[in-house]
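Just below is one structure, and these are the notes that go with it.
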Amino acid sequence: MPQPAGGVAIKDVVIVGAGPVGLCLALELAALNLSVTLIDAAPYTALASPGDDGREIALTHASREQLAAAGIDIPADRMAPIREARLYNGDSPRGMTLASARGEGQDSIGQLVANHVIRRAAFEAVQGVEHIELVTGRRVSALGTGSGGRSVLLDDQSHILARLVVAADGRLSVTRRLAGLSAQIHDTGQRLLVRRMAHARPHREVTWSWFHGERGLALLPLAGDTASLVMTLPPHDAERLKALSSDAFAAEATRLYQSSVGEMSCRGALHDYPLSVSRAEQLVADRVALVGDAAVGLHPVTAHGFNVGLASVRRLVDALTHYDQAVEDVGAPSRLALYARHHQRAILPLWHASRALVTLYGDTRPPARLVRHLALGAARRAAPLQWLMESYLARH
């Protein structure tokens, strides 16, 4: 591919993907006086005014603090607190508490924020920031090697030379493929339906998750007596629900959720997404690093995909800086290897645990139902297990 001519300025970092993870990384790197170019295929107007996609993001306290430190301000009135997270097996009335707010001064385990609110706040935060250049409406078509860096060729035949290229372009990352980094990509064959609902009884700021064989249901508590329903369904079930009127959908949702919050009524559009999970075999290549979903795209059962993405930003920045926050060569192999080692070590347990959980709870055979029953019974009596889960989620 064409290479930059002599004398062309070299950027410190090119980030492909101007979602919240890429934007947060850009802000943290710019604070270190590194020159950053953000590239995204979406037009500027779509990034500046993202549409409501129906998705809610569960932010841990650590993630909220990281966003704030980077200059990404989420208004308090756009956040809904989570006080407890519970998991149920089928129709069993007894569930497992995955995490709960307890201890002096702790009134929640995190907050729920609409995805489009986070995206808008992150995009606004980079406006006018010194050292950050934004290139929109352009796709990366090739990566090459340059003098002391990587050459990024765009679909308009322009190119940028950078000491480090970071892929933040999602679980189906094109940049990852162009860098020659392989990934496990699993299309579950299921659909994810998301809709906001009003309900008659209070949710008490508790998230609920139910597993019924192929069907997974989650209720995320929002402001007032409203909640977001997240349904993981086989295609035929998804199509059946999509064909219902709003009133019929509300009645069916009330039934599926066992009237846990009373009768429901629709308060938003129904959103439909394919469900896939992915994990990169390696997180770095020659002057290339993967962050966010490009590194690992978790099943929504974890509810922590975005938090893990922000953790990848934190680990990459930590690996690139010394104790005095000085950055020598931002693309140095030793620094990227340090990042890869730390992030892989953190995400592998969550990746395998989430895959095992989905497999166990999606198995309809009697032995699996017995194992689920015994596992939940043991977990309810194992306070140390709950404490370890809460500690892990708080860190990641």
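We use all heavy atoms of the structure for the numbers below, so side chains are in, but hydrogens, waters and symmetry mates are not. Residues: numbered from 1 along the sequence shown.
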**Request:** Using side-chain contact (heavy atoms from CB on, under 4.5 Å) as the criterion, list what pairs up with S265, not counting sequence neighbours.
**Result:** A198, R267
**Request:** With sequence neighbours excluded, tell me which residues meet salt bridge (Lys or Arg N to Asp or Glu O under 4.0 Å) with E205.
**Result:** R83
**Complete:** For R171 and I185 the tightest heavy-atom approach is O-CD1, 4.4 Å
**Asked** Is any side-chain heavy atom of L27 closer than 4.5 Å to a side-chain heavy atom of L25?
**Response** no
**Request:** For T188 and S276, indicate whether the former's side chain and the latter's backbone hold a donor-acceptor pair under 3.5 Å.
**Result:** no
**Asked** For E130, does the CD atom have more than 12 heavy-atom neighbours from other residues, nucleotides or ligands under 6.0 Å away?
**Response** no
**Complete:** Taking every heavy atom of S278 against every heavy atom of R176, the minimum-distance pair comes out as OG-NH1, 4.4 Å
**Prompt:** Rounded to the nearest 0.5 Å, what separation is found between the NE2 atom of H271 and the CG atom of L193?
**Reply:** 11.0 Å
**Prompt:** Would you call E84 and R204 a salt bridge, using N to O less than 4.0 angstrom?
**Reply:** no
**Prompt:** Hey, is CZ on R55 packed in by over 12 heavy atoms from elsewhere, all under 6.0 Å?
**Reply:** yes
**Request:** Using a 4.5 Å cut-off on heavy atoms from C-beta on, say whether the side chain of R64 contacts that of I74.
**Result:** no
**Request:** For E263 and R201, run salt bridge (Lys or Arg N to Asp or Glu O under 4.0 Å): C-alpha distance rounded to whole Å, both residues' side-chain angles, the deciding distance at 0.1 Å, then the answer.
**Result:** CA-CA 8 Å; E263 290 191 12; R201 293 205 299 268; over 6 Å; no
**Request:** May I ask you to test the E133-L38 pair for a side-chain heavy-atom distance under 4.5 Å?
**Result:** no
**Request:** Measure across A253 and L229 and return the closest heavy-atom pair with its distance rounded to 0.1 Å.
**Result:** CB-CD1, 3.7 Å
**Complete:** Checking L336, V284, V14 against L164 for side chain to side chain contact (heavy atoms under 4.5 Å, CB included), the one that qualifies is L336
**Prompt:** Got a second to check how far R215's CZ is from W210's CH2, nearest 0.5 Å?
**Reply:** 12.0 Å
**Item:** Spacing of CG belonging to D169 relative to CZ belonging to R177, to within rounding of 0.5 Å
**Value:** 10.0 Å
**Complete:** Rounded to the nearest 0.5 angstrom, the CG-CZ distance for L47 and F123 is 5.0 Å
**Message:** Checking R119 against D52 for the salt bridge (Lys or Arg N to Asp or Glu O under 4.0 Å) test, could you report, in this order, the C-alpha distance in whole Å, the side-chain angles of both residues, the deciding distance, and whether it holds?
**Reply:** CA-CA 10 Å; R119 295 182 71 89; D52 185 356; over 6 Å; no
**Request:** Could you give me the CA-CA distance, side-chain angles and deciding distance for D329 and R287, then say whether salt bridge (Lys or Arg N to Asp or Glu O under 4.0 Å) is met?
**Result:** CA-CA 10 Å; D329 179 0; R287 295 188 176 275; 2.9 Å; yes
**Request:** Report the C-alpha separation of S35 and D12 in whole Å, then their side-chain angles, then the decisive distance to 0.1 Å, and conclude whether the side-chain hydrogen bond (donor to acceptor under 3.5 Å, both in side chains) test is met.
**Result:** CA-CA 5 Å; S35 58; D12 288 315; 3.2 Å; yes
**Request:** Test V13 against V330 for side chain to side chain contact (heavy atoms under 4.5 Å, CB included), laying out the working first.
**Result:** CA-CA 8 Å; V13 184; V330 71; 3.9 Å; yes
**Message:** Between W208 and Y257 (judged by ring centroids, cut-off 6.0 Å), do the two rings come close enough to count as a pair?
**Reply:** no
**Minimum-distance pair of heavy atoms, taken over all atoms of N307 and A58** = ND2-O, 2.7 Å
**Asked** Can you list the steps and then say if Q111 with H61 is a side chain to side chain contact (heavy atoms under 4.5 Å, CB included)?
**Response** CA-CA 8 Å; Q111 299 83 27; H61 296 306; 3.3 Å; yes
**Prompt:** Below 4.5 Å, heavy atoms only, C-beta onward: do S209 and L217 meet side chain to side chain?
**Reply:** no
**Check: V288 and R150 side chains under 4.5 Å, non-hydrogen atoms** = yes
**Lys NZ or Arg CZ of R191 over Y273 ring: under 6.0 Å, within 45°** = no
**Request:** Might you point out which heavy atoms bring A42 and T136 nearest each other, and give the distance in Å?
**Result:** O-CB, 3.4 Å
**Request:** Check the angle between the aromatic planes of H343 and Y339 and answer parallel, tilted or perpendicular using the 30° and 60° thresholds.
**Result:** parallel
**Greater than 12 external heavy atoms within 6.0 Å of R240's CZ** = yes
**Request:** Check whether more than 12 heavy atoms from other residues, nucleotides or ligands sit under 6.0 Å from atom CD of E124, and answer yes or no.
**Result:** yes
**Request:** Could you tell me the separation between the CG atom of L316 and the CG atom of L29, rounded to the nearest 0.5 Å?
**Result:** 6.5 Å
**Prompt:** Are the side chain of R335 and the backbone of A319 linked by a donor-acceptor contact shorter than 3.5 Å?
**Reply:** yes
**Item:** Contact summary for R163 and G148, nearest pair of heavy atoms
**Value:** CG-O, 3.9 Å
**Message:** I'd like to check L310 versus Q66 (side-chain heavy atoms, cut-off strictly below 4.5 Å). Are they in contact?
**Reply:** yes
**Prompt:** Taking side chain as C-beta onward, heavy atoms only, is V165 less than 4.5 Å from T175?
**Reply:** yes
**Prompt:** Side-chain heavy atoms under 4.5 angstrom apart, residues restricted to Ile, Leu, Val, Met, Phe, Trp, Tyr: same cluster for L338 and V291?
**Reply:** no
**Message:** Are L275 and V194 connected into the same hydrophobic cluster when the rule is that any two of I, L, V, M, F, W, Y join if their side-chain heavy atoms are below 4.5 Å apart?
**Reply:** no
**Request:** Measure the shortest side-chain to side-chain distance between D40 and V135 over non-hydrogen atoms and say whether it is less than 4.5 angstrom.
**Result:** no
**Asked** Within the side chain of H203, is there an N or O that forms a donor-acceptor pair under 3.5 Å with the backbone of A227?
**Response** no
**L192 vs D272, side chain to side chain contact (heavy atoms under 4.5 Å, CB included): CA-CA, chis, key distance, verdict** = CA-CA 6 Å; L192 199 66; D272 176 20; 6.0 Å; no
**Message:** Looking only at side-chain N and O atoms, does S245 offer a donor or acceptor that is under 3.5 Å from a partner on D247?
**Reply:** no
**Request:** Could you pull out all residues at least two apart from R120 that satisfy salt bridge (Lys or Arg N to Asp or Glu O under 4.0 Å)?
**Result:** none
**Asked** Do L244 and M197 belong to the same hydrophobic cluster, where Ile, Leu, Val, Met, Phe, Trp and Tyr are linked whenever their side-chain heavy atoms lie under 4.5 Å apart, directly or via other members?
**Response** yes
**Prompt:** Taking the side chain from T60 and the backbone from S63, do they hold a donor-acceptor pair closer than 3.5 Å?
**Reply:** yes
**Asked** How far apart are the C-alpha atoms of R138 and D156, what are their side-chain angles, what is the distance that settles it, and do they pass the side chain to side chain contact (heavy atoms under 4.5 Å, CB included) test?
**Response** CA-CA 7 Å; R138 291 286 177 263; D156 64 354; 2.8 Å; yes
**Request:** Check whether L23 and Y44 end up in the same hydrophobic cluster, where Ile, Leu, Val, Met, Phe, Trp and Tyr are linked by side-chain heavy atoms less than 4.5 Å apart.
**Result:** yes
**Asked** Is there a donor-acceptor pair under 3.5 Å between the side chain of S158 and the backbone N or O of L154?
**Response** no
